[in-house]
Number of protein chains: 2
Amino acid sequence: MKQTRNTAAKTEILKLINHSPVALSHAEIQSALNGLCDRVTIYRVLERLITEDEVHKVVNLEGVVKYASCHSCSSEEKHIHTHNHAHFSCEKCKEITCLEDIEPSFKVPKNYQINEMNFTLSGICPNCR
Amino acid sequence: MKQTRNTAAKTEILKLINHSPVALSHAEIQSALNGLCDRVTIYRVLERLITEDEVHKVVNLEGVVKYASCHSCSSEEKHIHTHNHAHFSCEKCKEITCLEDIEPSFKVPKNYQINEMNFTLSGICPNCR
DNA sequence: AAAATAACGCAACATTGTTGCAAATACAAA
DNA sequence: TTTGTATTTGCAACAATGTTGCGTTATTTT
Ligand SMILES: [Mn+2]
Ligand SMILES: [Mn+2]
Ligand SMILES: [Zn+2]
Ligand SMILES: [Zn+2]
């Protein structure tokens with residue numbers, strides 16, 4: 001398998017995501033980086049960070065893609081990585097927060113092979129009320 | 001409130017969605033309509049159908065927006081409409097199916113006001129295995 | 001130091017979704 | 001049936017997001 005390198009772009013992007021309490025969009029990351037690298041590079045770095053299980057992708061109810069760090073994923077078990085926790089998407093401030101302690105229970109549908117799950121609650125976050 | 005009219009575009013789009021076993025994207029609807037109307041009109045009709053609670057919007061794990069009919073929503077209770085059922089997103093054929101009998105249980109997060117939920121399972125659908 | 005590999009910038013393109021405005025249409029009232 | 005009007009549509013223009021190819025730069029290995 002192809003090895004990976006640490007670059008300024010990758011370091012800064014990961015730092016941004018790790019230090020943010022909410023999930024960040026590509027646009028938000030780009031403006032925070034302040035011209036450090038090209039927007040295509042941001043897409044490619046995010047892709048890399050996901051395959052390396054450093055961050056995960058979250059999509060809100062409107063289809064907006066955001067990226068969040070993997071707090072609850074211990075580094076040892078990163079290869080068996082699944083983000084089976086819930087997310088909250090605020091309708092007012094549009095922020096996405098990981099609700100890492102919420103694991104929904106459900107009956108598994110017959111004949112379907114389930115690999116991942118996305119459980120997103122939306123409404124108003126504590127800051128907005 | 002503003003009244004709504006029945007047009008050829010609206011009728012055909014609703015028929016398409018109602019007769020499809022899986023959720024349809026704007027692009028799929030457009031190609032099925034075969035030039036019946038402009039693509040902007042499709043967006044506007046879909047918006048209308050959603051506010052009229054005829055269809056609902058589903059977003060898959062990659063952020064692709066699709067539209068599905070409201071089978072389990074009785075016409076009487078359309079004004080108190082919430083789609084609190086799960087969806088399945090196939091990683092192979094990319095189809096989205098409503099799993100209308102699956103309602104997940106979870107503990108409500110404190111301080112968050114929940115208005116909607118999106119519970120999407122993904123993996124391989126029965127047709128693809 | 002040289003070769004190999006990984007990451008990058010840039011340009012070009014595709015897809016998705018939005019907005020303004022004038023023309024067409026649906027539908028209810030006359 | 002005709003008329004009036006609010007609703008819907010088409011078109012053009014635009015914005016946002018994401019992808020690809022390719023030549024250049026940077027990092028790692030030999
Ligand atoms: Mn998360
Ligand atoms: Mn559904
Ligand atoms: Zn908020
Ligand atoms: Zn499938």
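Each of B/Tyr43 and B/Asn6 was assigned the nucleotide of DNA chain C with the nearest heavy atom; the assignment lying further toward the 5' end belongs to B/Tyr43.
Atom CG in A/Asp38 sits about 17 Å away from atom P in D/dT24, given to the nearest Å. For the pair B/Gln30 CD and D/dG10 C1', the interatomic distance rounds to 13 Å; values are reported in whole Å. The CG atom of B/Leu36 sits 18 Å away from the P atom of C/dA24 (whole-angstrom rounding). Atom CD in A/Glu47 sits about 13 Å away from atom C1' in C/dA7, given to the nearest Å. As rounded to whole Å, 17 Å separates atom P of C/dA4 from atom NZ of A/Lys2. Summarising the geometry, the separation between NZ on B/Lys57 and P on C/dG17 is reported as 7 Å, rounded to the nearest angstrom. Atom CD of B/Gln3 is separated from atom P of C/dA28 by 6 Å (rounded to the nearest Å). Put simply, CD1 on A/Ile29 is 16 Å from C1' on D/dA16, counting in whole angstrom units.
The base of D/dT8 has none of its N or O atoms less than 3.5 Å from a complementary donor or acceptor on the side chain of B/Arg5. You won't find any donor-acceptor pair under 3.5 Å spanning the side chain of A/Arg48 and the base of C/dA7, going by distance alone. Counting atom types as modelled, A/Arg44 pairs no side-chain N or O with a base atom of D/dG18 as donor and acceptor under 3.5 Å.
At least one donor-acceptor pair closer than 3.5 Å links the side chain of A/His26 to the backbone N or O of A/Arg39.
Remark: B/Thr41 is in phosphate contact with D/dG10, judged by side-chain N or O atoms under 4.0 Å from OP1 or OP2. Distances shown here put a side-chain N or O of A/Thr7 below 4.0 Å from the OP1 or OP2 atom of C/dC8. At least one side-chain nitrogen or oxygen of B/Thr4 sits closer than 4.0 Å to the OP1 or OP2 atom of D/dT8.
Atom NZ of B/Lys2 and atom CZ of B/Arg48 lie 8.5 Å apart (nearest 0.5 Å). How far CD1 of B/Ile17 is from NE2 of B/His56: 10.0 Å, rounded to the nearest 0.5 Å.
Under the 4.0 Å criterion applied to side-chain N and carboxylate O atoms, B/Glu116 and B/Lys57 are not assigned as salt-bridge partners. A salt bridge between B/Lys94 and B/Glu28 is absent, with no side-chain N of the basic residue lying under 4.0 Å from a carboxylate O of the acidic one.
Among the protein residues, A/Val40 comes within range of the nucleic acid bases, having at least one heavy atom under 4.0 Å from a base atom.
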